[in-house]
Amino acid sequence: MANDWATFGADLHLELRGTRLRAGLMDALREAVRSGRLEAGTRLPSSRSLAADLGMARNTVADAYAELVAEGWLTARQGSGTRVARRTAPRTLAPSAAQPPPAGRSRGRGRPAPPAHNLNSGTPDLASFPRADWLKAYRRALTDAPNEAFGYGDPRGRPELRGALAEYLARARGVYARPERIVICAGFVHGLMLIGQVLRARGVRDVAVESYGLDLHDGLLRRAGLGTPALGFDERGTRVEELAGLDGCGAVLMTAAHQYPLGGALPPDRRAAVVDWARASGGLVLEDDYDGEFRYDRQPVGALQGLDPERVVHLGTASKSLAPGLRLAWMVLPRDLAVEVAEAKGAVDWSSSAPDQLAFAEFLRSGAYDRHVRAMRLRYRRRRDQLVAAVAAHSPETRVSGIAAGLHAVLALPPGTEQATLRAAAWRGLAVQGVNQFRRPTVPSTLDGLVVGYATPPDSGWQGALQALCGVLP
Ligand SMILES: Cc1ncc(COP(=O)(O)O)c(C=O)c1O
């Protein structure tokens with residue numbers, strides 16, 4: 001008889017020792033429960049299925065289960081099967097070293113409290129992830145997916161998603177997007193890594209970066225073997241005219257629509273100038289459009305890529321608009337680069353799961369993405385307004401900038417006080433970053449301030465975080 005029933009049980013890895021089957025099985029199960037490998041409440045496979053897996057008689061397993069129930073290790077109830085008992089013998093494992101201590105408690109003298117409030121920038125409110133709508137899109141996508149969607153497919157990513165993104169990016173961000181020029185990647189960082197690799201292979205020596213930005217991105221380029229000279233910065237933003245003086249610079253990485261983390265939009269003359277530089281030098285502009293959807297007081301700044309799709313690579317991500325855990329991002333590339341980047345991606349790994357891509361495509365096409373972004377824009381705008389009002393009330397001298405867009409704002413601090421303010425924040429259990437954390441090492445320090453990620457906490461934590469922030473301002 002085919003043992004197809006065996007496939008109905010959950011897999012259970014057990015190492016049986018000795019020749020006494022029932023005793024060996026009981027020892028192995030006790031050990032799995034005691035060590036915590038089998039959590040309280042875990043449903044065990046049926047005796048028939050486990051017997052088939054272990055190659056023993058069903059009665060042997062049934063007897064072992066019955067004895068462990070009698071000993072209190074397991075419970076057995078009609079309809080809910082055999083489970084690990086909720087109150088089992090004390091575990092012998094020490095608590096995990098990685099377990100954080102409870103938030104907000106005093107930890108004695110000499111050490112700050114662990115962060116109870118999180119205003120670090122870079123993360124949307126994860127509690128607002130649109131679970132129900134995503135599930136609906138996922139169900140629909142899986143139902144409609146052709147069988148080939150579960151194969152290896154095209155390293156550029158699913159055509160359904162590339163098609164949906166091409167429409168969305170043209171409509172919402174002014175990107176000149178054709179599906180064949182889009183490559184899906186597992187986050188902006190993955191895209192940048194691939195582009196860095198391809199540029200290096202093309203013989204590019206340096207990729208210029210802005211004075212302020214994420215170390216992570218700079219590091220990825222350097223790991224690809226590229227130099228990363230930093231462009232200067234003034235009150236109007238990045239001094240793109242300096243590119244002309246950088247010999248061997250084949251590309252520039254920019255957050256033109258919303259400088260990260262200082263928050264301004266590159267003015268129109270500099271937008272034109274950076275594209276002109278790329279045209280004249282044969283270089284590329286790598287446009288990091290990480291939070292382009294979130295604009296509050298003015299019209300969205302269109303993508304730079306619209307000015308010259310052959311010289312600007314547009315990189316977008318779902319990390320701010322949906323959630324970084326999805327690891328879904330996209331690159332819109334000049335034709336020849338699209339081929340090379342897809343080859344570089346395909347040579348290592350396809351990276352983004354096809355069902356996730358199909359769900360995202362459905363999410364975009366159904367209008368759920370627009371609805372979610374609109375709802376989040378309202379919510380973040382409200383928080384931003386509350387932040388501005390609270391700072392004005394508690395610390396009228398503190399200037400708040402970078403508030404027209406995005407998920408964070410910059411609070412200027414009196415010169416020389418950033419480190420002390422960060423220490424005071426840590427003592428109050430507030431995680432927040434200083435502007436100088438984002439300054440490239442070669443750039444002199446001219447600003448002191450806090451980068452406040454007002455989207456980060458869930459609604460329930462927002463007011464507490466805001467109060468803690470106001471408590472450390474001058
Ligand atoms: C400036 C900037 N670019 C891009 C990203 C998105 O990165 P990823 O898509 O890898 O999550 C972030 C996320 O924090 C960011 O701050």
Side-chain angles (χ1 to χ4, degrees), residues 118-126 129 157 161 165 169 173 182-197 207-221 223-224 228 230-231 233 237-238 251-266 285-294 301 303-305 312-332 341 345 349 351-353 356-357 360 369 373 376 380 402 405-410 431-435 437-440 451-456:
N118 188 356
L119 291 177
N120 282 333
S121 67
T123 314
D125 174 3
L126 302 177
F129 183 76
L161 179 56
L165 276 171
L169 293 172
R173 301 293 302 122
I182 295 182
V183 176
I184 306 299
C185 46
F188 169 86
V189 287
H190 181 214
L192 186 62
M193 197 177 81
L194 293 170
I195 291 174
Q197 213 174 298
V207 174
V209 296
E210 295 164 301
S211 291
Y212 291 81
L214 282 173
D215 259 0
L216 173 69
H217 298 169
D218 202 66
L220 281 175
L221 293 171
R223 233 168 285 142
T228 55
L231 298 174
F233 195 85
T238 299
V252 55
L253 173 63
M254 301 211 68
T255 47
H258 188 224
Q259 206 288 322
Y260 188 82
L262 299 184
L266 195 67
V285 183
L286 311 179
E287 175 182 36
D288 175 3
D289 195 38
Y290 63 106
D291 66 0
E293 284 93 348
F294 296 103
V301 179
L304 207 53
Q305 191 261 12
V312 183
V313 177
H314 179 83
L315 294 116
T317 176
S319 288
K320 312 286 171 169
S321 53
L322 279 166
L326 291 175
R327 304 318 294 142
L328 279 171
W330 49 92
M331 296 173 259
V332 187
V341 167
K345 184 184 174 205
D349 179 25
S351 293
S352 312
S353 123
D356 286 357
Q357 293 181 55
F360 188 30
Y369 188 74
V373 166
M376 295 314 292
Y380 293 148
L407 312 184
H408 67 274
V410 174
V432 67
Q433 295 149 310
V435 162
Q437 256 166 275
F438 298 93
R439 182 171 46 83
R440 311 287 183 205
V451 179
V452 176
Y454 53 81
T456 307

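One-based numbering, in listed order, for ligands and for the atoms of each.
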Atoms of ligand 1 close to [X] [distance to a heavy atom under 4.0 angstrom, numbered from 1]:
| X | answer |
| --- | --- |
| Gly122 | 14 (O) |
| His217 | 2 (C), 3 (N), 4 (C) |
| Gly187 | 9 (O), 10 (O) |
| Arg327 | 8 (P), 10 (O), 11 (O) |
| Lys320 | 12 (C), 13 (C), 14 (O), 15 (C), 16 (O) |

| query | Do any nitrogen or oxygen atoms of Ser319 lie less than 3.5 angstrom from nitrogen or oxygen atoms of ligand 1? | reply |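 Indeed, backbone or side chain, Ser319 has an N or O that close.
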| field | Any N/O pair Leu214/ligand 1 closer than 3.5 Å | value |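 The answer is no, given that Leu214 and ligand 1 share no N or O pair closer than 3.5 Å.
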Can you tell me if [X] uses its side chain to pair, donor with acceptor, with the backbone of [Y] under 3.5 Å?
| X | Y | result |
| --- | --- | --- |
| Gln259 | Thr238 | no |
| Tyr380 | Asp125 | yes |
| Arg440 | Glu210 | yes |

| salt bridge (charged side-chain N to carboxylate O under 4.0 Å, His left out) involving Arg173 - partner list, sequence neighbours excluded |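 Checked Arg173 against salt bridge (charged side-chain N to carboxylate O under 4.0 Å, His left out); matches are Asp289.
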| request: List for me each residue that meets salt bridge (charged side-chain N to carboxylate O under 4.0 Å, His left out) alongside Asp356, sequence neighbours excluded, and say none if there are none. | output: none
| field | Donor-acceptor pair between Thr255 and Tyr290 side chains, under 3.5 angstrom | value | no
Among protein heavy atoms, which lies nearest [atom], and at what distance?
| atom | value |
| --- | --- |
| atom 5 (C) of ligand 1 | Tyr290 CB, 4.0 Å |
| atom 2 (C) of ligand 1 | Asp288 OD2, 3.4 Å |
| atom 7 (O) of ligand 1 | Phe188 CB, 3.6 Å |

| Residue part near ligand 1, for Tyr260, under 4.0 Å between non-hydrogen atoms |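 Answer for Tyr260: side chain.
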| Derivation and outcome, side-chain contact (heavy atoms from CB on, under 4.5 Å), residues Glu287 and Met254 | CA-CA 5 Å; Glu287 175 182 36; Met254 301 211 68; over 6 Å; no
| Among His258, His408, Lys320, whose side chain to side chain donor-acceptor pair (under 3.5 Å) with Asp291 holds? |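 Passing option: His258.
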